[in-house]
2 protein chains.
Amino acid sequence: MAQRAHSSPTLHDVAREAGVSLATASRSLNGSTRKVNEEYRARVLAAAERLGYVANLSAQTIAKGTSSTLALLVSDIADPYFAAIAAGVLSGAEQAGLITTMGITQRSAERELDLVKTLRGQRPRVLILTGSRYVDAALDEALTRELQAFESTGGRVVMVSQRSLPFDTVQTDDYGGARDLAESLVDQGYRSFAALTGVSSLMTARDRLAGFRDGLAAHGLSLPDERVVETEFTRQGGYDGAGQLLSRGLGDAELLFAVNDVMAVGAMSRLREESVDVPGSLAVAGFDDISTARDVTPALTTVRLPLERVGAAAIELALAGQRGDEPTLVTLGGEVVLRTSTPARG
Amino acid sequence: MAQRAHSSPTLHDVAREAGVSLATASRSLNGSTRKVNEEYRARVLAAAERLGYVANLSAQTIAKGTSSTLALLVSDIADPYFAAIAAGVLSGAEQAGLITTMGITQRSAERELDLVKTLRGQRPRVLILTGSRYVDAALDEALTRELQAFESTGGRVVMVSQRSLPFDTVQTDDYGGARDLAESLVDQGYRSFAALTGVSSLMTARDRLAGFRDGLAAHGLSLPDERVVETEFTRQGGYDGAGQLLSRGLGDAELLFAVNDVMAVGAMSRLREESVDVPGSLAVAGFDDISTARDVTPALTTVRLPLERVGAAAIELALAGQRGDEPTLVTLGGEVVLRTSTPARG
DNA sequence: CTGTTAGCGCATTCAT
DNA sequence: ATGAATGCGCTAACAG
C-alpha cells in the first residue's frame, strides 16, 4: 500500500498484485506473441493500471539485448537547416517506434567524436550524423574507426549531407539545384553574373558554385573569376562580400548569386545601403529558401531543399535491410523558386 | 580473439583481457571513489582501449538504479521558438552530464500524454515540457496525474512557457515585454494604436495584448476595441488581419502592434500590397525578434525573448535541490528592440 | 498456456 | 586494495 518514494513499481509488483507469475505479467504487458489467457491478461493490465506501472526501458534493453533508441547528432539545433532535418528524423523515428536521443556538436569535430562515444553507450540501433565534415584528417580517422566499430556490433550509421566518409549517406543535390537555378535565370533573360561564395573548403559552397557555373556553361555563358568573391558563409559575409564586389566594380553584371540565402540577404542589405537598386540595377538569387526569403523586399529567388525529407530518408536508409558492401548514397533534389528579386528580363 | 559481430565487448571481456576481476575493472572504469592500484588501473584502461569497450548505459542505469537521462518534449522542433529553447536545454543538459532524449508533440495533447508515458520508461531524471497548454481539461488532468506519479518516484518535471499546471515553471515575461514595448513606442511619439492579436484562448496572445494595453494606460492612452483584430497566430493571420483593419478603416491609428513577428510580417506584406506606406502612413511593431525581423523592409521593431536562457533556466530549476511544496515560477524578461518600422515621430 | 529459472551487463555489498 | 557473490528489472528459454 505505502508506495515508497523514489521507486517505481516493478513488473514484480504488478505480478504480485495480479496474482500471477512474473512471466505472465511480462507476456501480457509487453510480449509480442500473445498467448495469455484473456482473464489473466485483463487482471495484469488492471493491476498495472492501478499501480501506475511503466516498464523500465533500460531493463528491457538489457534483457533483450537490443535497444529501441536512435541517436542523432546535429551541429546546431537552433539553425533552421538542421532543425528541419531533425524534424524529419524525429518523426520518422517515432513512426518506427524508436526513441531518439540527441547531441549537439557545435560544429566541433572533437565534440562530435566525444558525443559518438558517449551515445554509443546507449547501444542505439541507429546513429545519424548531420552537418558538414571537418577538415581534420586525424579526427576523421578516429571517427571513422569509432563508427566502424559501432557498425561491427550491429549498429547502423547514416551520414547526412556529408559524403566523405565510408558510410551510408543522404545528401541534397546542391550541385543540381544550383545548376537548375542558373538555367532558370538564363531563361529569365540574364546573361552576365557575379557570385558570393563561402570559403572553398566548404563542400556545400563548392558544389553550389560548381553547379551554377555548369548551368551557365550549358548555355554558353560563364562566371568570370573576378566577379566571384569568397567570404564567410553568413549574413555578415554576404554583407561584406557585396561591399567588395561594389568596390571592385560590378561591370556588366546583371545578377548576383549568393551560395546561400543568409548571404544573399546580407548582400541585399549592403546593396540597399549603397543605393544599388535590387533588382533594377542588380538582381539577386540565393539558395536554401529560408523563411526570410519570401519576406524580404524584393522577395528572394532561391532553391528549396527538401530538408525534412532528408531526415526521413536517413531513417529509411538506416532501417532498410542490411548495409551492402558499398555505402549507399541517396541524393534528394531541390526546387528552384523564382521570386521578384529576379524578374524576367526584357 | 574473434570478435563476434552484433555484440559489443562487455566489462567481463575487459576484466579477462586485463587479468583482473570484474569488480576491479568496474572500479577502474567508472567507479567514483577510486581505490584501485595504479598498475591494475592502467592495465584495465589499456584493455578497454584495445577492445574498444564502451560501457553499456542501460546496464549501468539498472545497476545503480538511477539514470543519467533528461527527456525533453517540444511542440515542433522546426519552429525557431522551440528550437532556441531546445538549444538551451541541450547545452545545459550536456554540462550537467545528462543525455537528452527528445519527443515532438506536434501540438497535440494526446501525443504529449503518450510521449510522457513512453519517455517515463527511460526513468529520466528530468522531464521538461515545452509549449502552450491546451484546453482539454480531461487530458490536462491525466497529464497532471502522470507527471505527479513521475515526481513521486523521484523525477523532476519542469514546464516551459505554460504556468497552468502545478509544476515548476519557467516562463517568459510576455506581459512585461509588451508593456515595455508600448511605453517605448509612446516615448517615440506614437499616440494612437491598432493591434492584431491571436485567438484569445492562447495565453501568450492574451498576455501580450494585456501588457501592451497597460503600457499605454500608464501614459493615459488606450487601444480602442474596434482597432483590435483577432485572427490566426500565423503569417497568414497577420496578412488577413491587416486586410480587415484596412477595410474597417484605420482612422487616426499611427501604429499597428501585432502580437508576434510572423503576424507583423504578414501584415506588412498586406500593407505593401494595399499601398499603405510603412512606416510613413502606419508604423508596425511585432514580438519575438525572429531572424526575419531585421531583414524585412523596414526592419521590424519587436521584443526579443531570451529563449536559450529559458532552456538553461529550466535545467537549473530541475537540478537545483528538491522541489518545494509550492511550484517555483521563474520569469525571464524580454528586451525591446527598436528598428526602422517605428521611427521617432515628430 | 503458465510458472520457474537462468541470464543480460553492470555496480556494489561483503568477505578476504 | 581486491575478488566473489548478490541483485537491479526484465525477457527468454525451459519445463510443467
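Every heavy atom of this structure was used, including side-chain atoms; hydrogens, water molecules and symmetry mates were not.
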[atom1] of [X] versus [atom2] of [N]: gap in Å, rounded?
X	N	atom1	atom2	result
A/Asp13	D/dC10	CG	C1'	13 Å
B/Glu38	D/dT2	CD	C1'	15 Å
A/Ile62	D/dG9	CD1	P	13 Å
B/Gln122	D/dC10	CD	C1'	16 Å
A/Leu11	D/dC8	CG	P	13 Å
A/Arg43	C/dC1	CZ	C1'	14 Å
B/Asn56	C/dA11	CG	C1'	13 Å
A/Lys64	D/dG9	NZ	C1'	13 Å

Practice task
For B/Arg123, enumerate each residue passing the salt bridge (Lys or Arg N to Asp or Glu O under 4.0 Å) test, keeping only those at least two apart in sequence or located in another chain.
Solution key: none
Practice task
Check salt bridge (Lys or Arg N to Asp or Glu O under 4.0 Å) between A/Arg145 and all other residues, then give those that pass, not counting sequence neighbours.
Solution key: A/Glu141
For [X], what residues pass the side-chain hydrogen bond (donor to acceptor under 3.5 Å, both in side chains) criterion, not counting sequence neighbours?
X	answer
A/Arg43	A/Glu39
B/Thr144	none
B/Glu308	none

Handout entry: Phosphate-side-chain proximity, A/Asn30 and D/dT11, N/O vs OP1/OP2 below 4.0 Å
Key = yes
Exercise for the section: Respond yes when some side-chain nitrogen or oxygen of B/Gln60 is under 4.0 Å from OP1 or OP2 of C/dC10, and no when none is. Expected result: no
Practice task
Indicate yes or no for a side-chain donor-acceptor contact from B/Arg125 to the backbone of B/Arg156 under 3.5 Å, with no hydrogens or angles considered.
Solution key: no
Exercise for the section: List in chain and number order the residues that pass side chain to side chain contact (heavy atoms under 4.5 Å, CB included) with B/Glu17, two or more places apart in sequence or in another chain; answer none if no residue qualifies. Expected result: B/Ala47, B/Arg50, B/Leu51
Fill in the blank from the handout: Overall bend of the helix from C/dC1-D/dG16 to C/dT16-D/dA1 (five pairs an end, 10° steps) is 40°
Problem - Contact list for DNA chain D against residues 18-26 of chain A - heavy-atom distance below 4.0 Å - result: A/Leu22, A/Ala23, A/Ser26
Exercise for the section: Decide, yes or no, whether a salt bridge links A/Glu112 with A/Lys117 under the criterion of side-chain N to carboxylate O below 4.0 Å. Expected result: no
Handout entry: Out of C/dC10, C/dT2, D/dT11, whichever nucleotide has its closest atom nearest the side chain of A/Ala63
Key = D/dT11
Practice task
For the side chain of A/Tyr40, starting at C-beta, report the closest nucleotide among D/dG9, D/dG3, C/dT2.
Solution key: C/dT2
Donor-acceptor list for residues 73-92 of chain B side chains, cut-off 3.5 Å, not counting sequence neighbours:
residue : atom : partner  : partner atom : Å
B/Asp76 : OD1  : B/Ala78  : N            : 3.0
B/Asp79 : OD1  : B/Tyr81  : N            : 2.8
B/Asp79 : OD2  : B/Arg107 : NH2          : 3.2
B/Ser91 : OG   : B/Gly88  : O            : 3.4

Exercise for the section: Kindly say whether, by distance alone, the side chain of A/Arg27 makes a donor-acceptor pair under 3.5 Å with the base of C/dG3? Expected result: yes
